[in-house]
Amino acid sequence: MATIQVGEATVGYSVEGDGIPLLLYHGTTMDRTAWDMVRQGLPANTYRCVMVEFPGSGESSPAIGPLTVEQLVEQALAVVDHLGIDWFHVAGYSLGAVVALATASIHPDRVVTATSLCGWATTDARQRLTFRLWKRLIEIDPQLFMHYALVDGFSAAALAVTEPMFDAMLPITAGLVAPGSAAHLDLDIAIDIAALVPAITAPTLVIGALGDRWVDISHSRSLAETIVNARLVELPAGHLVIQELAIDVAAHLHEHMEGHERTQ
């Protein structure tokens with residue numbers, strides 16, 4: 001784990017593996033470890049994964065004022081510049097998917113491919129109300145929030161497997177809720193990158209979860225229709241597909257990147 005200073009912010013990041021540069025953005029309440037299960041499913045010694053942490057997650061300092069998507073892109077680009085990386089593939093999950101898409105739009109000359117996992121362009125009414133609920137639950141009791149999040153985030157099939165260990169999981173998972181979650185959620189509530197999405201030129205993989213109760217599959221379908229050269233994959237899981245079907249996500253991500261190698 002390392003940090004760099006970007007203006008007044010301390011930005012935490014980690015680098016795992018050697019090979020093709022892959023910038024990974026995590027989701028709300030999470031940190032750099034969100035992609036661990038997917039990374040483990042990628043071919044060994046193929047990718048140099050760079051995980052950047054949002055303000056208030058992991059080693060990153062808390063947000064100073066409201067977060068913006070552009071700010072998160074700027075911090076991530078500062079990290080890849082610090083590492084001497086000129087071009088890269090980018091993937092993001094949930095809020096991270098929004099930032100990944102914005103990265104591809106703002107820096108088309110540096111992004112080889114983009115992948116959105118449970119992403120969206122504009123927050124709808126159901127999302128706003130859900131994110132407000134998240135904030136309130138975290139304020140009341142992180143374990144209560146995680147009880148709700150696990151039940152609503154996994155599919156019924158996944159819950160049937162985890163039910164025997166569910167109560168034991170709660171204090172562990174509650175301890176992983178990032179201190180900066182409220183700032184992440186405020187950004188979630190305000191997301192609107194609709195003007196950026198049509199400008200994406202990189203080959204884009206859009207992965208949506210059919211049972212996603214937080215980011216309805218219609219958002220992924222809309223992204224795939226709007227982005228030129230986009231491909232849609234729909235997986236039978238809840239929003240926590242990054243854990244529930246990590247191997248499947250890894251396989252689709254690798255296939256996408258392998259099929260669009262940089263030529264110059």
Side-chain angles (χ1 to χ4, degrees), residues 13-27 30 32-53 72-73 76-77 79-121 193 196-197 199-209 219-221 223-235 237 241-264:
Y13 70 93
S14 65
V15 181
E16 299 290 343
D18 296 305
I20 300 166
L22 170 58
L23 174 62
L24 295 170
Y25 292 111
H26 63 77
M30 298 175 167
R32 68 188 184 280
T33 63
W35 283 93
D36 281 359
M37 294 176 67
V38 173
R39 287 194 304 102
Q40 291 164 11
L42 293 173
N45 304 316
T46 302
Y47 298 103
R48 184 187 185 192
C49 296
V50 180
M51 286 75 67
V52 178
E53 294 181 314
L72 300 182
V73 173
L77 266 291
V79 171
V80 297
D81 286 345
H82 174 73
L83 295 171
I85 297 172
D86 295 323
W87 57 266
F88 52 88
H89 298 265
V90 64
Y93 168 65
S94 196
L95 173 58
V98 175
V99 183
L101 293 171
T103 302
S105 179
I106 297 169
H107 297 281
D109 56 325
R110 302 186 67 175
V111 173
V112 183
T113 72
T115 297
S116 166
L117 178 58
C118 298
W120 72 100
I193 61 164
L196 295 178
V197 171
I200 297 172
T201 57
T204 302
L205 173 63
V206 179
I207 304 177
H219 287 284
S220 290
R221 292 171 180 169
L223 287 171
E225 291 174 358
T226 305
I227 300 170
V228 176
N229 201 18
R231 181 169 66 90
L232 175 65
V233 172
E234 299 182 1
L235 296 179
V241 61
I242 195 170
Q243 298 171 357
E244 185 172 345
L245 294 180
I247 299 302
D248 299 76
V249 172
H252 286 294
L253 178 59
H254 172 60
E255 179 186 16
H256 176 57
M257 293 186 292
E258 187 180 42
H260 298 92
E261 296 180 355
R262 187 176 175 89
T263 57
Q264 60 181 13

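Partners of Ala202 under the side-chain contact (heavy atoms from CB on, under 4.5 Å) rule, at least two apart in sequence or in another chain, are Val111. Residues meeting the side-chain hydrogen bond (donor to acceptor under 3.5 Å, both in side chains) test with Trp35, sequence neighbours left out: none. In terms of the side-chain contact (heavy atoms from CB on, under 4.5 Å) criterion, residue partners of Ile20 (sequence neighbours excluded) are, by chain and number, Tyr47, Trp87, His89. Residues that satisfy the side-chain hydrogen bond (donor to acceptor under 3.5 Å, both in side chains) test with Asp18, not counting sequence neighbours, are absent from this structure. Shown here are the salt bridge (charged side-chain N to carboxylate O under 4.0 Å, His left out) partners of Glu16, two or more places apart in sequence or in another chain: there are none. Residues satisfying the side-chain hydrogen bond (donor to acceptor under 3.5 Å, both in side chains) criterion with Ser116, sequence neighbours excluded, are absent altogether. With sequence neighbours left out, Thr33 forms a side-chain hydrogen bond (donor to acceptor under 3.5 Å, both in side chains) with Asp31. Evaluation of the ring pair (Phe, Tyr, Trp, His ring centres under 6.0 Å) rule for Tyr25 yields no partner, not counting sequence neighbours. Legend: residues meeting salt bridge (charged side-chain N to carboxylate O under 4.0 Å, His left out) with Arg48, ordered by chain and number and at least two apart, are absent. With sequence neighbours left out, the ring pair (Phe, Tyr, Trp, His ring centres under 6.0 Å) criterion links His256 to His260.
Of the possible donor and acceptor atoms, one in the side chain of Thr103 sits under 3.5 Å from a partner among the backbone N and O of Val99. Looking only at distances, no side-chain donor or acceptor of Arg32 sits under 3.5 Å from a matching main-chain atom of Leu24. Ser94 places no side-chain N or O within donor-acceptor distance of the main-chain N or O of Gly27, the cut-off being under 3.5 Å.
Of all non-hydrogen atoms in Gly119 and His219, the two that sit nearest each other are O-CB, 3.7 Å. Closest non-hydrogen pair, Ala100 versus Ala91, comes out as CB-C, 3.8 Å. Leu77 and Arg110 make their closest contact through CD1-NH1, 3.3 Å (heavy atoms, listed as atom of the first residue, atom of the second, distance). The nearest pair of heavy atoms linking Ser105 to Leu196 is OG-O, 2.8 Å. Contact detail for Leu95 and Trp120: the closest heavy-atom pair is N-CZ3, 3.9 Å.
Distance check: Thr46 OG1 to Met257 CE gives 9.0 Å after rounding to the nearest 0.5 Å. A distance of 8.5 Å separates CD in Glu255 from CG in Leu205, rounded to the nearest 0.5 Å. One distance of note links CG of Leu22 with CG of Leu42; it measures 7.0 Å at 0.5 Å rounding. Atom CG in Leu253 sits 6.5 Å away from atom CD1 in Ile207 (nearest 0.5 Å). Interatomic distance, Thr204 OG1 to Leu223 CG, rounded to the nearest 0.5 Å: 9.0 Å. Going from atom CD1 of Ile242 over to atom CG of Asp248 covers 13.0 Å, rounded to the nearest 0.5 Å.
Just one residue in the list Thr115, Leu245, Val38, Leu235 forms a side chain to side chain contact (heavy atoms under 4.5 Å, CB included) with His252, and that residue is Leu235.
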Next on the checklist: Evaluate Phe88 against Val50 for side chain to side chain contact (heavy atoms under 4.5 Å, CB included), listing each step before the verdict.
Outcome noted: CA-CA 10 Å; Phe88 52 88; Val50 180; over 6 Å; no
N/O donor-acceptor pairs under 3.5 Å from side chains in residues 226-233, not counting sequence neighbours:
unit_1: Thr226; atom_1: OG1; unit_2: Ser222; atom_2: O; d: 2.8

